[in-house]
Structure formats: structure tokens, C-alpha cells
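Report on the structure given below.
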Amino acid sequence: MKNIYLIGFMGAGKSTIAKELVKKTDAKRIEMDQMIVEQQGMAISDIFDKYGEEHFRDLETELLRSFSGKTNMVVSCGGGSVLRDENARLMKENGCIILLKATPETIYERVKNSTERPILNGNMNVEFIRKLMEKRRERYESVADITVCVDGKEKAEVCQEILEAVKNIQA
């Protein structure tokens with residue numbers, strides 16, 4: 001199986017769906033943000049504070065490069081990882097990009113109690129989320145091979161949709 005790259009706004013369910021997908025396949029699950037935290041020995045919010053967003057994006061690119069030539073992985077990408085052309089290219093060369101889409105209200109409900117969302121710190125409200133989602137929407141949609149709406153769906157239903165779509169693309 002080619003790699004599956006899950007993209008979408010923070011709180012769209014990338015990590016949750018990645019966990020579920022590996023149960024249904026023999027793929028390896030990769031959590032990009034978690035790997036970066038482990039490699040750097042610091043929280044993402046601390047990386048942002050100390051080195052800035054650009055440095056964090058460099059770390060994402062480095063990590064994606066390390067996946068080149070590897071297969072059979074389900075990769076839960078950071079919310080902004082596809083904002084760079086190089087990152088989107090690396091993902092497309094090595095797999096299928098799945099956009100998980102949710103409403104701003106769904107996102108807010110999922111992330112409202114989190115302190116690990118540096119971009120939302122101090123801006124934890126539906127309107128800010130809506131504006132940021134809209135800013136990223138075109139980019140997400142343009143790089144995605146498949147878009148799956150997650151609102152009101154069970155994990156199993158979302159996974160089934162993804163696996164069927166990936167099978168059709170790879171056929």
C-alpha cells in the first residue's frame with residue numbers, strides 16, 4: 001500500500017483516524033507532530049516560541065523527506081504541513097493525500113480545552129478558527145487527492161470511505 005497522508009485543520013481528526021486506519025490495515029502509524037516533539041525534546045508550542053513557525057515548518061519538511069521511498073504508512077500530518085509546496089510534492093510522490101474536513105464549530109468543540117495549539121493560543125473561538133480555516137481551505141483542497149467530511153460520522157465510517165477511495169485511486 002502506498003502511504004496515506006492525512007491532512008486538515010487541527011482538530012479535524014487526523015490522529016484519531018490514523019489510529020483507526022492502522023487497525024484495519026497492516027500499515028505503520030506516524031504522528032508527525034509527536035515525532036518532531038520527540039526529536040526536538042520540546043513541545044510544539046515551545047518550538048514556536050523559541051525558534052518560530054518557519055523553523056517548525058523546516059522540521060516538518062525534513063521529516064517528510066525521511067519518508068521518501070517508504071510505503072505502508074498512515075501519516076497524521078500537522079495542520080500546516082501542506083502549506084509548503086515541497087511538503088505537498090513529497091507527500092504526492094510517496095502516497096495519497098486525504099483531506100479530513102470539519103466545520104469550524106466541530107473543530108472548536110474538539111480543541112477548545114487544548115493548550116497544545118500554538119496558533120490558537122489567545123484566539124480560541126469559532127470566528128478565529130473559521131477565518132484561519134478559510135485562509136487554508138483553498139490550499140488543502142488543491143493538494144488533496146480525496147476529501148472526506150468527518151462531521152457527524154463515526155470513525156469506522158470515515159475509515160471505510162478513505163480505504164475505498166484509496167483502493168480506487170491505486171487500482
Side-chain angles (χ1 to χ4, degrees), residues 1-102 106-107 110-111 114-121 129 132-133 135-148 150 155 158-159 162-163 165-166 169:
M1 178 179 91
K2 285 179 100 178
N3 296 331
I4 294 175
Y5 292 92
L6 299 174
I7 67 166
F9 201 77
M10 61 190 94
K14 299 177 297 287
S15 296
T16 301
I17 296 304
K19 282 180 200 166
E20 203 64 23
L21 280 170
V22 297
K23 290 178 188 174
K24 298 179 181 303
T25 66
D26 62 346
K28 179 180 178 184
R29 180 170 66 102
I30 305 287
E31 289 288 332
M32 283 184 60
D33 285 352
Q34 184 182 327
M35 282 186 83
I36 290 170
V37 165
E38 288 168 9
Q39 289 171 352
Q40 299 302 304
M42 59 193 335
I44 291 169
S45 54
D46 293 336
I47 296 169
F48 266 68
D49 289 345
K50 190 169 182 178
Y51 302 107
E53 183 177 356
E54 189 68 19
H55 177 75
F56 179 75
R57 299 299 170 208
D58 291 342
L59 296 172
E60 287 178 322
T61 301
E62 233 175 82
L63 188 54
L64 285 166
R65 276 193 205 117
S66 76
F67 300 154
S68 284
K70 295 179 181 171
T71 58
N72 211 30
M73 298 188 311
V74 175
V75 182
S76 173
C77 301
S81 60
V82 294
L83 299 178
R84 279 193 178 173
D85 290 340
E86 182 179 1
N87 292 358
R89 180 185 55 76
L90 288 165
M91 289 180 209
K92 282 196 178 284
E93 285 174 359
N94 214 31
C96 185
I97 301 175
I98 312 292
L99 169 59
L100 299 181
K101 215 170 173 180
T106 296
I107 299 295
R110 292 178 178 180
V111 304
S114 173
T115 56
E116 290 299 312
R117 314 281 181 173
I119 290 176
L120 292 182
N121 289 349
I129 291 168
L132 189 53
M133 286 177 77
K135 202 164 132 184
R136 292 182 176 182
R137 183 183 56 79
E138 190 177 322
R139 178 63 178 179
Y140 284 156
E141 291 174 357
S142 70
V143 301
D145 297 305
I146 299 160
T147 299
V148 177
V150 299
K155 294 181 286 194
V158 172
C159 289
I162 290 169
L163 292 173
V166 168
I169 285 178

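One is the number of the first residue; the rest follow in order along the sequence.
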task = Start with the C-alpha gap between Asn94 and Tyr5, add the side-chain angles, then the distance that decides, and say whether side-chain contact (heavy atoms from CB on, under 4.5 Å) holds.
result = CA-CA 9 Å; Asn94 214 31; Tyr5 292 92; 3.4 Å; yes

request  = Take Glu60 and Arg57 through the test salt bridge (Lys or Arg N to Asp or Glu O under 4.0 Å) and record every step on the way to the result.
outcome  = CA-CA 5 Å; Glu60 287 178 322; Arg57 299 299 170 208; 3.0 Å; yes

query = When you look at Met32 and Leu64, which way does the side-chain contact (heavy atoms from CB on, under 4.5 Å) test go after all the steps?
reply = CA-CA 9 Å; Met32 283 184 60; Leu64 285 166; 3.8 Å; yes

query = Between Lys23 and Cys159, does a side-chain contact (heavy atoms from CB on, under 4.5 Å) hold up when you go through it step by step?
reply = CA-CA 10 Å; Lys23 290 178 188 174; Cys159 289; over 6 Å; no

message = Would Lys19 and Lys155 count as a side-chain contact (heavy atoms from CB on, under 4.5 Å) here? Give the steps.
response = CA-CA 10 Å; Lys19 282 180 200 166; Lys155 294 181 286 194; over 6 Å; no

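Residues Gly78 and Asp33 approach most closely at CA-OD1, 3.6 Å, considering heavy atoms. Contact detail for Thr147 and Lys101: the closest heavy-atom pair is CG2-CD, 3.8 Å. When all heavy atoms of Arg139 and Ala88 are compared, the pair lying nearest together is NH2-CB, 3.7 Å. What you find for Cys77 and Met91 is that their closest heavy atoms are SG-CE, 3.8 Å. Minimum interatomic distance between Ile146 and Ala165 (heavy atoms only, all atoms of both residues): CD1-CB, 3.4 Å. Closest of all the heavy-atom pairs between Val22 and Lys28 is CG1-C, 4.0 Å.
The side-chain heavy atoms of Glu20 and Val158, taken from C-beta on, include no pair separated by under 4.5 Å. A heavy-atom distance below 4.5 Å is not found between the side chains of Tyr51 and Gln40. A 4.5 Å side-chain heavy-atom check between Phe9 and Ile129 finds at least one atom pair inside the cut-off. Counting only heavy atoms from C-beta outward, the side chains of Gln34 and Glu38 approach each other to under 4.5 Å.
With hydrogens and angles ignored, the 3.5 Å screen pairs a side-chain donor or acceptor of Asp145 with a backbone N or O of Ile97. The backbone N or O of Gly8 lies less than 3.5 Å from a partner atom in the side chain of Lys14, making a donor-acceptor pair.
The ring pair (Phe, Tyr, Trp, His ring centres under 6.0 Å) search around Phe56 returns Phe48, not counting sequence neighbours. With sequence neighbours excluded, the residues forming a side-chain contact (heavy atoms from CB on, under 4.5 Å) with Ala12 are Leu100, Ile107, listed by chain and number.
For the atom pair CD of Glu31 and CD1 of Ile36, the computed distance is 11.5 Å after rounding to the nearest 0.5 Å. Taking CD of Glu54 as the start and CG of Leu59 as the end, the distance is 10.5 Å to the nearest 0.5 Å. Interatomic distance, Ile98 CD1 to Leu6 CG, rounded to the nearest 0.5 Å: 7.0 Å. Rounded to the nearest 0.5 Å, atoms OG1 (Thr106) and CZ (Arg110) are 6.0 Å apart. Distance CE/Met10 to CD1/Ile44: 10.0 Å, rounded to 0.5 Å. One finds the CG atom of Leu90 at 11.5 Å from the CG atom of Asn3 (value rounded to the nearest 0.5 Å).
Counting heavy-atom neighbours within 6.0 Å of Glu138 CD, excluding the residue itself, gives a total of 12 or less. Counting heavy atoms of neighbouring residues, nucleotides and ligands inside a 6.0 Å radius, atom NZ of Lys92 exceeds 12 of them.
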